[in-house]
Undergrad: 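Here it is, the structure, as structure tokens.
What you are looking at is a predicted structure, and each value in this text was computed from that prediction instead of being measured.
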Amino acid sequence: DYSVAVARVLAVNGLNAGLARHAARDPALNAREGLLDAIALRHLHRGETSAARSILEFNTRAFPDSSWAKWSLAEALRASGDRAAAIAAY
């Protein structure tokens with residue numbers, strides 16, 4: 001599944017690598033917002049805040065009109081202690 005593959009790149013290599021992977025994809029492949037969100041929250045619950053943040057930042061870029069993507073990113077930022085970034089993300 002493309003969403004799982006891009007989430008893996010994001011979690012391991014960070015946002016820029018995930019964005020590059022996404023830009024180079026076959027145009028027929030699309031990320032699924034809900035699945036990426038669920039994967040990110042799994043990372044967050046494991047304490048893997050960097051991985052969660054990369055995936056959720058990707059989600060806000062891939063789905064810029066999604067209030068859910070923005071809310072999830074803000075919650076992850078808040079949970080990781082980055083209060084100022086969380087406020088800005090809301």
Side-chain angles (χ1 to χ4, degrees):
D1 181 85
Y2 173 71
S3 294
V4 173
V6 78
R8 188 174 299 118
V9 171
L10 288 158
V12 173
N13 300 312
L15 180 60
N16 289 335
L19 291 171
R21 167 74 169 86
H22 187 63
R25 80 190 188 288
D26 177 337
L29 298 175
N30 292 306
R32 293 187 292 162
E33 178 186 4
L35 180 56
L36 288 170
D37 189 74
I39 293 168
L41 292 178
R42 186 171 6 135
H43 283 287
L44 187 62
H45 289 236
R46 292 180 185 160
E48 301 164 356
T49 56
S50 178
R53 184 175 180 159
S54 290
I55 295 167
L56 292 169
E57 285 180 4
F58 173 86
N59 241 7
T60 63
R61 293 180 188 205
F63 305 97
D65 296 328
S66 171
S67 58
W68 185 261
K70 292 172 189 170
W71 181 85
S72 291
L73 175 60
E75 286 295 301
L77 292 167
R78 184 188 60 77
S80 70
D82 194 345
R83 188 171 190 266
I87 290 169
Y90 281 115

Undergrad: Please report the closest heavy-atom contact between T60 and A69, naming both atoms and the distance.
TA: CG2-O, 3.5 Å

Undergrad: Between R53 and E57, is there a side-chain N and carboxylate O pair less than 4.0 Å apart?
TA: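 Salt bridge: yes.
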
Undergrad: Taking K70 for the side chain and P64 for the main chain, is one N or O donor matched with an acceptor at less than 3.5 Å?
TA: yes

Undergrad: Under a 4.5 Å side-chain heavy-atom rule over Ile, Leu, Val, Met, Phe, Trp and Tyr, are I39 and V12 clustered together?
TA: no

Undergrad: Tell me, do D1 and R32 make a side-chain contact under 4.5 Å, heavy atoms counted?
TA: yes

Undergrad: If you group Ile, Leu, Val, Met, Phe, Trp and Tyr by side-chain heavy-atom gaps below 4.5 Å, do L19 and L35 land in one group?
TA: yes

Undergrad: For a quick test of reading the model, state the closest non-hydrogen atom pair linking A76 to L56 and the distance between them.
TA: CB-CD1, 3.5 Å

Undergrad: For N30 versus P27, what's the shortest heavy-atom pair and its separation?
TA: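 Looking at all heavy atoms of both residues, the shortest contact is OD1-O, 4.2 Å.
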
Undergrad: If you look at every heavy atom in A74 and A86, which pair is closest and at what distance?
TA: O-CB, 3.4 Å

Undergrad: Can you name the closest pair of heavy atoms from L10 and I55 and give their distance?
TA: CB-CG1, 3.8 Å

Undergrad: Can you tell me how far apart OG (S54) and CG (N16) are? Round to the nearest 0.5 Å.
TA: 9.0 Å

Undergrad: Taking CZ in R46 as the centre, count heavy atoms belonging to other residues, nucleotides or ligands within less than 6.0 Å. Is the count above 12?
TA: yes

Undergrad: With rounding to the nearest 0.5 Å, note down the distance linking CG in L15 to CZ in F58.
TA: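 Going from the CG atom of L15 to the CZ atom of F58 covers 8.5 Å.
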
Undergrad: Under a single-linkage definition using a 4.5 Å side-chain heavy-atom cutoff for Ile, Leu, Val, Met, Phe, Trp and Tyr, are Y2 and V4 assigned to the same hydrophobic cluster?
TA: yes

Undergrad: Please report the interatomic distance CG(N13) to CZ(R8), rounded to the nearest 0.5 Å.
TA: 11.5 Å

Undergrad: Do V6 and R25 make a side-chain contact, defined as non-hydrogen atoms from C-beta onward lying under 4.5 Å apart?
TA: no

Undergrad: Quick one: CZ on R42 to NE2 on H45, what's the gap to the nearest 0.5 Å?
TA: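 It comes to 11.0 Å.
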
Undergrad: Would you sort out whether N59 and D37 count as a side-chain contact (heavy atoms from CB on, under 4.5 Å), showing the intermediate values?
TA: CA-CA 7 Å; N59 241 7; D37 189 74; 4.1 Å; yes

